[in-house]
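Worksheet: the structure to be examined is printed underneath.
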Amino acid sequence: MKQIYINQEILLRPGSSIFNKEWCENDTASDSKKLSQKEQVKQLCWNGMLPAMLPEICELNNEGKQLTLWEINETHNLLDLRMGELDQFMNDEWSINPYVIAALASLN
């Protein structure tokens with residue numbers, strides 16, 4: 001039987017009200033206050049806080065473990081998080097990122 005791997009793409013808008021809340025981390029850095037809100041959200045994501053911030057949209061793999069964050073693509077207004085069980089190429093044809101969709105539409 002062929003193994004099925006789960007990939008997930010999440011778009012975050014760092015300026016939204018959910019990220020106005022102060023998030024506590026185990027490893028609090030004093031220089032984190034100097035970062036922009038977008039940089040703070042990126043740092044929280046890389047530090048594994050995404051499931052705590054948004055538990056309802058963070059998928060689990062077949063073994064009940066959290067998916068691994070492999071990539072964060074940054075645009076002017078969005079953070080495009082690409083998560084999965086394996087670090088594999090995610091097909092942009094299925095992307096939900098509006099900038100990717102617009103770029104693909106211009107190719108047609």
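For Asn73, the side-chain contact (heavy atoms from CB on, under 4.5 Å) criterion is met by Glu71, Asp80, Arg82, not counting sequence neighbours. For Glu74, the salt bridge (Lys or Arg N to Asp or Glu O under 4.0 Å) test picks out Lys38, Lys42, with sequence neighbours left out. In this structure, the side-chain contact (heavy atoms from CB on, under 4.5 Å) partners of Cys58, at least two apart in sequence or on a different chain, are Leu50, Pro51, Gln66. Under the rule for a side chain to side chain donor-acceptor pair (under 3.5 Å), Glu39 has no partner lying at least two apart in sequence or in another chain.
Inter-residue side-chain proximity for Leu79 and Cys45 is flagged as unmet; no heavy-atom pair is nearer than 4.5 Å. When side chains are defined from C-beta on, Ile10 counts as touching Ile57, because their heavy atoms get closer than 4.5 Å.
Taking each heavy atom of Trp70 and Trp46 in turn, the nearest pair found is O-CH2, 3.8 Å.
Note that OG of Ser16 and CD of Gln37 are 7.5 Å apart. Values are rounded to the nearest 0.5 Å. Atom-to-atom distance recorded for Thr68:OG1 and Met83:CE is 7.5 Å, nearest 0.5 angstrom. For the atom pair CD1 of Ile72 and CG of Leu78, the computed distance is 13.0 Å after rounding to the nearest 0.5 Å.
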